[in-house]
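We count ligands from 1, going down the list as the structure has it; atoms in each ligand are counted the same way. Bear in mind that the values here come from a model prediction, so they are computed numbers and not experimental data. In what follows, every heavy atom counts, from backbone to side chain, and hydrogens, waters and symmetry copies are set aside.
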Amino acid sequence: MLTSAQLEEFNKQGFLVLRGFLSAEEVGLLYQVSAQDNALTEHTYSVLDANGNESKLALWNNPGDDPFGMLSRDERVVGAVGQLIGGPVAHFHSKVMQKSPRVGGAWEWHQDYGYWYKNGFLFPDEMISIMFALTPATRENGCLMVLPGSHKMGRIEHGKVGEQVGAALDRVARFEERVERVYCELMPGDALIFHSNLLHASNPNTSDSPRWSIISCYNTLQNTPFQEPASCFQEVSTVGAGSLLHASQQGFDSIAFNKKKTDISLN
Ligand SMILES: O=C(O)CCC(=O)C(=O)O
Ligand SMILES: [Fe+2]
């Protein structure tokens, strides 16, 4: 349960850091599966940043009975999401993000709704992302950077930057004159939850340490898109806290991963 002070902070800043959201055991299992799972490796693709560096991800819509599906269906997660965007809550997609040591690329300044607008969602206040750190995320390995309060500007125009979609940089710069950029350094198990219109970005990984994370994204059932996958139209089937530790399915095999070339928001 988020406190009223946390709800207030989210409304004001557009994001919240939840320290120690997952136990060491939960993060350990998720990291181990993501590093070893063949299906995940096979379906990981790269999205080039403005300098041609690779940011790697694997993305799926339907949360299954594997540890990652159980994470995005966990009542702690869905409960917090419901408090922030209202309910009933549907799962839009989840992804494993990999920034490899030395070569992992940047994510350009954007709002997630800059992408998701193209999917046909109408209400940005009824969409949210939650990032779970699987490894430490530091300034050196390219942790997420956010501009507090930027969700209040509404959707900013976005265009192609490399293979990514980026926000109009003159507007980003103008906004940054008013606020202090926040580097969201995270430890494994910490979570960062943020509004779909919060401006965020991350730098390339210039360190020797990987930066891996999972991001799960949600919409409400009132806010279904006109072009997108079935999972957006179903209430999430929640599971008890920590169920991922006892997931019936160990790996990712049952998951239908998305393909880069069919992702509407990238094309
Ligand atoms: O992993 C990151 O640094 C940012 C990724 C992101 O913002 C996204 O996939 O929308
Ligand atoms: Fe994003």
Atom pairs and distances, ligand 1 N/O vs protein N/O under 3.5 Å:
residue: ligand 1; atom: 1 (O); partner: Arg211; partner atom: NH2; Å: 2.7
residue: ligand 1; atom: 3 (O); partner: Ser202; partner atom: OG; Å: 2.7
residue: ligand 1; atom: 3 (O); partner: Arg211; partner atom: NH1; Å: 2.9
residue: ligand 1; atom: 3 (O); partner: Arg211; partner atom: NH2; Å: 3.4
residue: ligand 1; atom: 7 (O); partner: His110; partner atom: NE2; Å: 3.1
residue: ligand 1; atom: 7 (O); partner: His200; partner atom: NE2; Å: 2.9
residue: ligand 1; atom: 9 (O); partner: Lys95; partner atom: NZ; Å: 2.7
residue: ligand 1; atom: 10 (O); partner: Lys95; partner atom: NZ; Å: 3.4
residue: ligand 1; atom: 10 (O); partner: His110; partner atom: NE2; Å: 3.2
residue: ligand 1; atom: 10 (O); partner: Asp112; partner atom: OD1; Å: 3.0

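Within the structure, salt bridge (Lys or Arg N to Asp or Glu O under 4.0 Å) pairs that include any residue of residues 99-115 comprise Arg102-Asp208 (at least two apart or interchain). Evaluation of the ring pair (Phe, Tyr, Trp, His ring centres under 6.0 Å) test over residues 143-194, restricted to residues two or more places apart or in two chains, returns His151-His195, Phe194-His200.
When all heavy atoms of Val77 and Leu71 are compared, the pair lying nearest together is CG2-O, 3.5 Å.
Looking only at atom types and distance, the side chain of Thr41 has no donor-acceptor partner in the side chain of Asn38 under 3.5 Å away. A side-chain donor from one of Ser216 and Ser94 sits under 3.5 Å from a side-chain acceptor of the other.
Between Arg211 and the options Ser213, Ser207, Ser209, a side chain to side chain contact (heavy atoms under 4.5 Å, CB included) holds for only Ser213.
The CE atom of Met127 sits 14.5 Å away from atom CG of Leu84, with the distance rounded to the nearest 0.5 Å. Atoms CD and CD1, from Gln83 and Ile128 in turn, are 10.5 Å apart once rounded to the nearest 0.5 Å.
Taking the six-membered ring for Trp and the full ring otherwise, Phe121 and Phe226 have centroids separated by 6.0 Å or more.
Here the protein contributes His110 NE2, Asp112 OD1, His200 NE2 as N, O or S atoms under 2.8 Å from the Fe ion (ligand 2).
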